[in-house]
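A note on names: the letters A, B, ... follow the listed sequences, proteins ahead of strands, and every chain is numbered from 1.
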2 protein chains.
Amino acid sequence: MTPARDRVLSTATRLFYAEGIHTVGIDRVIADASVAKATFYHHFKSKEDLVLAYLATEYGRQRTVLSAVPGTGLTRLAATLTKIADLSAGPGFRGCPFLNAATEYPDPATPVRQLVDEYRGWFRTLMFDLLTEAERPGAAEKADLLLLIRDGITIAGGLGDQAAVQAGLRTALAAV
Amino acid sequence: MTPARDRVLSTATRLFYAEGIHTVGIDRVIADASVAKATFYHHFKSKEDLVLAYLATEYGRQRTVLSAVPGTGLTRLAATLTKIADLSAGPGFRGCPFLNAATEYPDPATPVRQLVDEYRGWFRTLMFDLLTEAERPGAAEKADLLLLIRDGITIAGGLGDQAAVQAGLRTALAAV
DNA sequence: ACGATACCAGACAGATCTGTCTAGTATCGA
DNA sequence: TCGATACTAGACAGATCTGTCTGGTATCGT
């Protein structure tokens with residue numbers, strides 16, 4: 001609702017994603033967002049608070065994007081995987097924000113890491129549910145695999161490796 | 001040969017891998033390595049120089065480990081993939097050092113990123129050669145896939161996701 | 001009209017970062 | 001024995017980091 005907070009969050013999202021979390025300082029964020037420092041600390045109690053807000057927003061965005069994929073069962077599953085591959089191969093893609101954040105926060109006890117686990121758990125459940133709906137045998141094992149291939153696709157996409165992205169997508173589609 | 005340099009490099013390897021590159025400062029490295037600051041800058045011209053030395057060392061280690069895997073063709077390929085999965089599931093594993101470094105250096109033009117590309121290229125070639133030796137059809141596409149699964153296995157292992165590691169290994173073995 | 005809230009500019013503290021420099025000791029090959 | 005090399009301790013510069021604080025203006029609901 002408040003414009004200054006929104007400006008901070010969208011600026012932080014852009015900078016954190018493009019350049020990494022540790023390399024982008026608060027001063028940089030507030031300068032790019034044209035916001036006073038006191039205003040920033042009025043809305044966020046610390047930098048980590050901003051990082052968590054950034055990831056929570058991304059989490060919501062992902063859920064929105066993937067829940068908008070049409071179809072049911074196998075059709076929707078295939079469309080979902082294709083969507084992810086397309087996004088990962090697109091311009092400006094710099095890897096999965098959650099995997100990137102996990103690398104920058106090596107301690108698994110960190111709130112950031114818990115959010116990453118939550119995100120991956122959500123994706124695994126989504127895969128499991130769609131596999132179950134399609135009455136696929138071994139839904140649990142297949143969901144684990146699709147999660148791993150998703151991770152691999154986002155890594156490959158982030159590194160500009162289009163061949164691996166396509167290989168991953170083909171295998172994911174063949175597995176379901 | 002020089003003990004101080006070795007101490008710096010092994011300390012940096014331990015700290016960079018466990019805690020990340022940007023979060024570990026030079027002061028921390030030289031303190032843990034019990035080395036004077038002037039000595040550090042005598043052997044390394046900058047922190048980035050140390051980072052590159054760290055990654056180059058890891059690169060060499062990986063080549064040593066995987067070239068020591070016994071067997072030929074399919075047998076060796078399967079043993080190699082199993083070895084990677086075992087290492088990724090082991091204690092103290094915190095993800096692939098190269099993928100971690102790539103996340104911390106988003107600019108693809110960076111020397112660090114070029115080394116990461118070189119590492120992944122080497123692994124892809126290794127897969128391709130073993131597939132070709134085993135007279136597998138579609139070696140190029142399979143090599144792309146095995147590289148992507150390798151990436152996924154190291155990610156899953158770094159996050160403590162044993163189920164995904166096993167799912168990835170099964171699929172990799174089934175694909176060859 | 002008034003109180004709370006949102007916002008501004010910018011100084012400031014205290015820590016930490018990379019990298020340089022001074023000044024000196026120890027070792028070792030030629 | 002001499003000169004190069006490896007090494008020590010630690011001060012220092014200059015930048016940058018997070019977070020606090022002062023002191024104010026503007027907006028808005030009641």
Side-chain angles (χ1 to χ4, degrees), chain A residues 1-57 100-101 103-107 109-113 115, chain B residues 1-57 100-101 103-107 109-113 115:
Chain A
M1 213 56 192
T2 66
R5 189 184 195 276
D6 286 356
R7 239 153 51 222
V8 166
L9 194 49
S10 64
T11 302
T13 297
R14 178 170 48 83
L15 294 178
F16 286 164
Y17 183 63
E19 304 182 25
I21 295 170
H22 291 324
T23 53
V24 173
I26 289 297
D27 285 346
R28 177 88 182 289
V29 173
I30 68 172
D32 275 38
S34 299
V35 154
K37 202 163 199 179
T39 303
F40 168 75
Y41 279 102
H42 174 71
H43 288 293
F44 303 93
K45 80 176 221 289
S46 64
K47 182 183 178 180
E48 181 168 323
D49 206 40
L50 174 62
V51 172
L52 289 170
Y54 151 58
L55 290 176
T57 304
N100 290 350
T103 300
E104 296 209 63
Y105 290 80
D107 182 357
T110 297
V112 167
R113 282 291 294 274
L115 227 164
Chain B
M1 213 54 195
T2 67
R5 189 184 195 277
D6 286 357
R7 237 153 53 222
V8 167
L9 193 49
S10 65
T11 302
T13 296
R14 178 170 48 83
L15 294 178
F16 285 164
Y17 183 62
E19 304 181 25
I21 295 171
H22 291 325
T23 54
V24 173
I26 289 298
D27 286 345
R28 177 89 183 288
V29 173
I30 67 172
D32 276 38
S34 300
V35 154
K37 203 163 199 177
T39 304
F40 168 76
Y41 279 102
H42 174 72
H43 289 293
F44 302 94
K45 79 176 224 290
S46 65
K47 182 183 178 180
E48 181 168 323
D49 205 40
L50 174 63
V51 172
L52 289 171
Y54 151 59
L55 290 176
T57 304
N100 290 350
T103 301
E104 297 209 65
Y105 290 81
D107 183 356
T110 297
V112 167
R113 281 291 294 274
L115 226 164

*Applying side chain to side chain contact (heavy atoms under 4.5 Å, CB included), run through B:T110 and B:L115 and close with a yes or a no.*
CA-CA 9 Å; B:T110 297; B:L115 226 164; over 6 Å; no

_Flag side-chain contact, heavy atom, 4.5 Å: A:I26 against A:Y41_ = yes

_A:R14/A:T11 under side chain to side chain contact (heavy atoms under 4.5 Å, CB included): CA gap, chis, key distance, verdict_ = CA-CA 5 Å; A:R14 178 170 48 83; A:T11 302; 3.6 Å; yes

*Would one find a side-chain N or O of A:R7 under 4.0 angstrom from OP1 or OP2 of C:dC8?*
yes

*Between atom CD1 in A:I30 and atom C1' in D:dC17, what is the gap in whole Å?*
12 Å

*Of the candidate nucleotides C:dC8, D:dC7, C:dA6, which contains the atom at the shortest distance from the side chain of A:V35?*
C:dC8

*State, with a plain yes or no, whether a side-chain heavy atom of A:P3 is found less than 4.5 Å away from one of A:D6.*
no

*B:I26 has an atom CD1; how far is it from atom P of D:dG10, in whole Å?*
19 Å

*Could you state the CZ-C1' distance from A:R28 to D:dT18, rounded to the nearest angstrom?*
16 Å

Which side-chain N or O atoms in residues 30-38 of chain B pair as donor and acceptor under 3.5 Å with protein atoms at least two apart or in another chain?
| unit_1 | atom_1 | unit_2 | atom_2 | d |
| --- | --- | --- | --- | --- |
| B:K37 | NZ | B:D27 | OD1 | 2.9 |

*Residues from residues 36-55 of chain B sitting under 4.0 Å of DNA chain C, heavy atoms only?*
B:K37, B:A38, B:Y41, B:S46, B:K47

_For atom CG of B:D27 and atom C1' of C:dG19, their distance in whole Å_ = 10 Å

*asked:* So B:T23, base contact, sugar-phosphate only, or nothing? Heavy-atom distance under 4.0 Å.
replied: nothing

_Backbone of A:E104 reached by a side-chain donor or acceptor of A:H22 within 3.5 Å_ = yes

